[in-house]
Peer 1: 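Quick one: structure below, then a few questions.
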Protein chains: 2
Amino acid sequence: MSASSKPPVASGLRRKERPENLAERIYIQLKQEIFEFHLLPGDRFSETEVAARMAASRTPVREALYRLQRDGYVDVHFRSGWQVKPFDFRTFEELYDLRVVLECAAVRRLCEREREPSQLDDLKRIWLVPEAERLTDGQTVSALDERFHTMLVEACGNREMALIHAQVSERIRIIRRLDFTKDARVSATYSEHGQILRAILQRRSEEALLLLKSHIEASKAEVRKITLHMLHSARPQSDTSD
Amino acid sequence: MSASSKPPVASGLRRKERPENLAERIYIQLKQEIFEFHLLPGDRFSETEVAARMAASRTPVREALYRLQRDGYVDVHFRSGWQVKPFDFRTFEELYDLRVVLECAAVRRLCEREREPSQLDDLKRIWLVPEAERLTDGQTVSALDERFHTMLVEACGNREMALIHAQVSERIRIIRRLDFTKDARVSATYSEHGQILRAILQRRSEEALLLLKSHIEASKAEVRKITLHMLHSARPQSDTSD
DNA sequence: GAACACACTCTTGAATACAAGATGGCGTGC
DNA sequence: GCACGCCATCTTGTATTCAAGAGTGTGTTC
């Protein structure tokens with residue numbers, strides 16, 4: 001048979017453009033599969049299986065899996081396969097609390113500053129718009145919501161803090177998205193972000209902190225309810241005990 | 001670069017006791033070499049070289065190196081070797097600031113709590129001792145110092161926060177140790193930790209926060225001076241530009 | 001003498017081969 | 001019919017092999 005199994009990757013290969021690391025591609029794709037519930041929490045799988053699915057060898061697959069493990073998305077069982085980490089509410093709540101800590105620190109610093117970082121302008125353009133111009137698609141607003149909080153932290157200039165916060169946010173994303181399936185949360189997000197932003201711009205530190213805290217706590221509480229419900233109704237036969 | 005690096009691992013191999021992962025062992029050993037300046041910031045090396053030194057193949061070495069990369073200790077240059085990350089003061093300062101944020105949040109929570117977590121008892125036993133019983137060895141006190149701050153965060157019960165904080169602390173450790181080469185800092189550490197601990201035990205939140213902040217800032221400032229001096233005096237020919 | 005080009009070596013990235021242990025099913029003994 | 005034990009298979013961990021590009025040094029040419 002022909003050697004046509006070679007994927008037509010080279011489509012847009014102008015300039016030097018590195019093939020971008022097989023391991024990296026697999027890492028991204030696996031994470032996406034987890035986020036999209038293609039791989040469900042508790043699911044078990046083997047390196048060979050993933051390698052076959054990705055049309056690669058085990059080597060880059062293992063590299064990707066180890067990264068995902070360090071990120072907290074999967075676990076390896078010694079000589080007994082991999083597993084998507086089951087949902088752990090305590091962990092999610094801890095991550096939410098960590099977000100509160102990081103973002104409050106960021107806001108506090110932002111309010112102390114005289115000049116406004118450029119990131120705040122971007123946020124103004126997105127969130128301080130007339131109601132008629134508000135976006136309504138849940139997933140879009142969900143992504144913008146994450147970006148809002150991420151940019152608040154980025155704006156205060158500490159790259160390490162921003163990195164950690166981005167990781168925490170990504171880790172929560174899988175359940176935070178569920179929060180935006182209701183229209184009420186979408187419009188509440190617009191009004192809450194607007195309030196927070198205005199408080200920051202007016203250097204009303206304490207007010208901004210309170211608003212931010214309750215905004216995140218609301219999200220946390222909602223997600224908790226939704227996720228509980230989801231876990232009860234979906235796949236009641238799935239038994240993650242082992 | 002002694003060839004006697006073959007460890008007598010099998011000494012205590014009773015029960016099942018897994019050989020503990022070659023990759024893990026290499027990871028730990030490499031990190032130690034970096035911390036002990038056996039591998040200097042800016043040094044370049046190849047996977048093959050490390051593999052030979054560790055008496056293993058490239059596979060576990062690569063796994064260890066990728067972990068170290070994600071931890072922020074080394075960098076890989078595409079098909080051109082690995083490099084111990086050169087010192088970057090901005091990063092160190094950002095990590096110090098991140099510590100301040102996390103530890104202040106922890107202390108705030110500890111002060112709000114009625115019951116004292118058991119970790120505080122351990123800390124009392126170590127730091128609230130008569131002057132005569134104080135330890136004087138710099139490296140020992142340095143390790144205890146890191147443990148002090150780590151336990152403060154652990155005590156407030158958020159495991160994710162504690163994990164991040166531990167990572168940040170470890171990352172700073174390489175230069176923080178230099179702070180404890182002077183006796184003055186050692187005794188200052190005892191008195192400052194004592195003050196902080198007492199303030200927490202008496203639920204004097206604001207006082208504890210101020211003390212903690214200035215304690216960390218002092219450490220940050222000292223380390224900055226020492227490290228600058230070290231970098232100037234040692235190996236002035238090393239050029240890490242590229 | 002200087003500059004350019006070629007080739008060789010060394011590097012990481014990926015695939016394959018080998019090793020050892022965990023798991024589950026099947027068969028046998030009671 | 002049930003329980004125990006063995007074996008076949010599947011899993012990850014590690015070593016080795018193959019591939020391709022980056023960098024360097026040398027030789028040649030102007």
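Keep in mind that what you see is a predicted model, and the values were worked out from it rather than measured. Chain letters run A, B, ... following the sequence lines, proteins first, then strands; residues in each count from 1.
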Peer 1: Tell me whether the side-chain N/O atoms of B/S80 come closer than 4.0 Å to OP1 or OP2 in C/dT11.
Peer 2: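 Checking C/dT11 against B/S80, no side-chain N or O comes under 4.0 Å of OP1 or OP2.
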Peer 1: Between the side chain of B/R171 and the main-chain N/O of B/A166, is any donor-acceptor distance below 3.5 Å?
Peer 2: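 Flag not set: sc B/R171 to bb B/A166 has no pair under 3.5 Å.
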Peer 1: Tell me if a side-chain donor or acceptor on A/R70 pairs with a main-chain N or O of B/R70 at a distance below 3.5 Å.
Peer 2: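 Checked: no pair found.
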Peer 1: I need the CD-P distance between B/E47 and D/dT16, as an integer number of Å.
Peer 2: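 It works out to 15 Å between those atoms.
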Peer 1: Starting from P on C/dT23, measure out to CH2 on A/W82 and report it in whole angstrom.
Peer 2: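 Whole-Å distance recorded here is 16 Å.
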Peer 1: Closest heavy-atom contact between A/L123 and A/M151?
Peer 2: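 Smallest interatomic distance, heavy atoms only, reads CD2-SD, 3.9 Å.
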Peer 1: Please report, rounded to the nearest Å, how far the C1' atom of C/dT12 is from the CG atom of A/L22.
Peer 2: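 Roughly 14 Å, once rounded to whole Å.
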Peer 1: Answer yes or no: is there an ion pair linking A/R159 with B/D88, defined by an N-O contact shorter than 4.0 Å?
Peer 2: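 Yes, charged N to carboxylate O under 4.0 Å.
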Peer 1: How does DNA chain C look in dot-bracket form if you count Watson-Crick and G-U pairs under 3.5 Å, write [ ] for pairs that cross, and put | where a base pairs with another strand?
Peer 2: ||||||||||||||||||||||||||||||
Peer 1: Could you give the CG-to-P distance, from B/L65 to C/dT12, as a whole number of Å?
Peer 2: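 Spelled out: CG on B/L65 to P on C/dT12 is 8 Å.
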Peer 1: Looking at the side chain of B/T59, which of D/dT16, D/dG13, C/dA14 is the nearest nucleotide?
Peer 2: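 Nearest listed nucleotide: D/dT16.
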Peer 1: Can you figure out which of D/dT12, C/dA15, C/dT12 approaches the side chain of A/P60 most closely?
Peer 2: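 Of all the options, the side chain of A/P60 is nearest to C/dA15.
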Peer 1: Closest-nucleotide mapping onto DNA chain C: is A/R79 or A/A23 further toward the 5' terminus? I mean the 5' end.
Peer 2: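 By nearest-heavy-atom nucleotide position, the 5'-most residue is A/A23.
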Peer 1: If only side-chain N and O atoms of A/Y66 are considered, is one of them under 4.0 Å from the OP1 or OP2 phosphate oxygen of D/dT12?
Peer 2: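 Checking A/Y66 against D/dT12: no side-chain N or O falls below 4.0 Å of OP1 or OP2.
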Peer 1: Using a cut-off of less than 4.0 Å, is there contact between a side-chain N or O of B/N21 and OP1 or OP2 of D/dT14?
Peer 2: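 It does, given that an N or O in the side chain of B/N21 lies less than 4.0 Å from OP1 or OP2 of D/dT14.
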Peer 1: Find the distance A/E24:CD to C/dG13:P and express it as a whole number of Å.
Peer 2: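 Rounding to the nearest Å, CD of A/E24 and P of C/dG13 are 12 Å apart.
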Peer 1: Counting the benzene-type ring for Trp, do B/W82 and B/Y66 have ring centres under 6.0 Å apart?
Peer 2: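 They qualify: ring centres under 6.0 Å apart.
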Peer 1: Using the side-chain heavy atoms of A/R58, tell me which of these nucleotides is nearest: D/dA15, C/dC18, C/dA15.
Peer 2: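 Ranking D/dA15, C/dC18, C/dA15 by closest atom to the A/R58 side chain puts C/dC18 first.
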Peer 1: State which of C/dA22, C/dT12, D/dT12 makes the closest approach to the side chain of A/V76.
Peer 2: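 Shortest atom-to-atom distance from the side chain points to D/dT12.
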Peer 1: Name the closest nucleotide to the B/T48 side chain, picking from D/dG13, C/dT12, C/dT16.
Peer 2: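 Minimum distance to the B/T48 side chain belongs to C/dT12.
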Peer 1: Tell me whether the rings of B/W127 and B/F148 are parallel (<30°), tilted (30 to 60°) or perpendicular (>60°).
Peer 2: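 It falls in the perpendicular class, over 60°.
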Peer 1: Separation of A/R44 atom CZ from D/dT11 atom P, in whole Å?
Peer 2: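 Rounded to the whole Å, the gap is 11 Å.
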Peer 1: Measure CD/B/Q69 against C1'/C/dT12 and give the value in whole Å, please.
Peer 2: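 Atom-to-atom, B/Q69 to C/dT12, this comes out as 12 Å.
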Peer 1: Can you tell me the distance, in whole Å, between the CD atom of B/E63 and the P atom of C/dA14?
Peer 2: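 Going from B/E63 (CD) to C/dA14 (P), I get 15 Å.
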Peer 1: Less than 4.0 Å between a side-chain N and a carboxylate O, is that true for B/E63 and B/R67?
Peer 2: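 No, B/R67 and B/E63 are not salt-bridged.
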